Q: 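Mind having a look at this structure? Questions to follow.
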Protein chains: 2
Amino acid sequence: MQRLTVQRQAILDLINASNRHWDADEVARALVDAGASIGIATVYRGLAALESLGLIDSIQLADKKRYERADKAHHDHMICTGCGHIEEFSHETIEVLQQQIAAEKAFRLTGHQLVMFGLCRDCAEELDR
Amino acid sequence: MQRLTVQRQAILDLINASNRHWDADEVARALVDAGASIGIATVYRGLAALESLGLIDSIQLADKKRYERADKAHHDHMICTGCGHIEEFSHETIEVLQQQIAAEKAFRLTGHQLVMFGLCRDCAEELDR
DNA sequence: AGCGTAATGATAACCATTATCATTATTATG
DNA sequence: CATAATAATGATAATGGTTATCATTACGCT
């Protein structure tokens, strides 16, 4: 059970075609604009299904969840509060330290999310002048 | 502008009285149970005001925002997906590494949130048997 | 006391997401 | 192949946390 239907394939293709971070509404809009016929509920269910299959990844932000293409390596995010741009980064040491901290507290770590907030170079310059 | 009214004082006292992580509804409920008269909208506004004054801190989780008493030192959170227990931790190196990463990308860091998900000792044991 | 400003409270509105349910598509099986 | 079983779809209602609205009340100040 868990079928890769045409709708889900379309969602997957869309997300795989870029390294954007999409919310459900953007996905629905893009697919409809591209001529597909897909309901918003189907988009939500499709995104959830694809994520559970490990075909796409997601970050849960304050307001909404955003999906991105599955990357081999885990990474974290840096979000510009000025323009909304999302930059990715990964740092092995930070990962290892988290495992140490979890181990110390006898915590069975299953996942984590690190988000850095701030201003990207452009927005910072904009603000300075 | 930004007055510390009786309602806001009550919210602040409640939060300062423990190291729980409260959501807005829990705060409202607790205050009403304690005999106070306060509307839910006032609780939301009060929490936002107190946070902006730096008198309380918050973590934004997927479903809702939770408030805790302001701590001198920044810390991050470890959340048990079994029982919902929230444990705090802080790690200087992780903080420093984030600053380095931001600097490398010319990102003006203003804040961050690191949440580790997993099972606390009790829930892990429960699951194993 | 009186004025300007901010806060309150009830409630409507918002917005992302999930649930419902009848219909349709897909897969499995005799 | 036919058809039964199961899962997915789509429209829409419902949910839940949070914010907006607006008339009323409280506060701070001269």
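Because the structure is a prediction, the values reported are computed rather than measured. Order of the sequence lines sets the chain letters (A, B, ...), proteins ahead of strands, with each chain counted from 1.
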Q: Just the rounded figure in Å: distance from C1' of D:dT18 to CG of B:D23.
A: 12 Å
Q: Measure the distance from CG on B:D63 to C1' on D:dT15 and round it to the nearest whole Å.
A: 13 Å
Q: Just checking, any donor-acceptor pair under 3.5 angstrom between side chains of B:E51 and B:S58?
A: yes
Q: Counting only side-chain nitrogens and oxygens, does B:T42 get under 4.0 Å of the OP1 or OP2 atom of C:dA7?
A: no
Q: For C:dG9 and B:Q7 - does any side-chain N or O of the residue sit under 4.0 Å from the phosphate oxygens OP1/OP2?
A: yes
Q: Starting from P on D:dT25, measure out to CD1 on B:I38 and report it in whole angstrom.
A: 18 Å
Q: Under 4.0 Å: is that the gap between some side-chain N or O of B:Y44 and OP1 or OP2 of D:dT19?
A: no
Q: When you measure from the side chain of A:K65, which nucleotide among C:dT17, D:dG10, D:dC27 comes out closest?
A: C:dT17
Q: Where do A:E26 and A:D23 come nearest, in terms of heavy atoms and distance?
A: N-OD1, 2.7 Å
Q: Can you find a side chain N or O atom of A:Q2 that sits less than 4.0 Å from OP1 or OP2 on D:dA8?
A: yes
Q: Does C:dT8 have OP1 or OP2 under 4.0 Å away from a side-chain N or O of B:T5?
A: yes
Q: A:R8 side chain: which of C:dT17, D:dT9, C:dT8 is closest?
A: D:dT9
Q: How many Å lie between CG on A:L47 and P on D:dA8, as a whole number?
A: 14 Å
Q: Which of the following nucleotides, C:dT27, C:dG9, C:dG4, is nearest to the side chain of A:R3?
A: C:dT27
Q: Measure CD/A:Q9 against C1'/D:dT9 and give the value in whole Å, please.
A: 17 Å
Q: Would you indicate whether A:E126, at its atom CD, is surrounded by more than 12 heavy atoms from other residues, nucleotides or ligands within a distance under 6.0 Å?
A: no
Q: Specify the closest pair of heavy atoms between A:F117 and B:H112, including all atoms of both residues, with the distance to one decimal.
A: CD1-CA, 4.1 Å
Q: Please tell me if B:R45 has a side-chain N or O lying less than 4.0 Å from either OP1 or OP2 of D:dT18.
A: no
Q: Provide, to the nearest angstrom, the distance between the CZ atom belonging to A:R29 and the C1' atom belonging to C:dC15.
A: 13 Å
Q: Which heavy-atom pair separates A:E88 from A:D71 by the least distance, and what is that distance?
A: OE1-OD2, 4.5 Å
Q: Starting from C1' on C:dA16, measure out to CG on A:L61 and report it in whole angstrom.
A: 13 Å
Q: When the distance from CD1 of B:I40 to P of C:dC14 is rounded to whole Å, what number comes out?
A: 20 Å
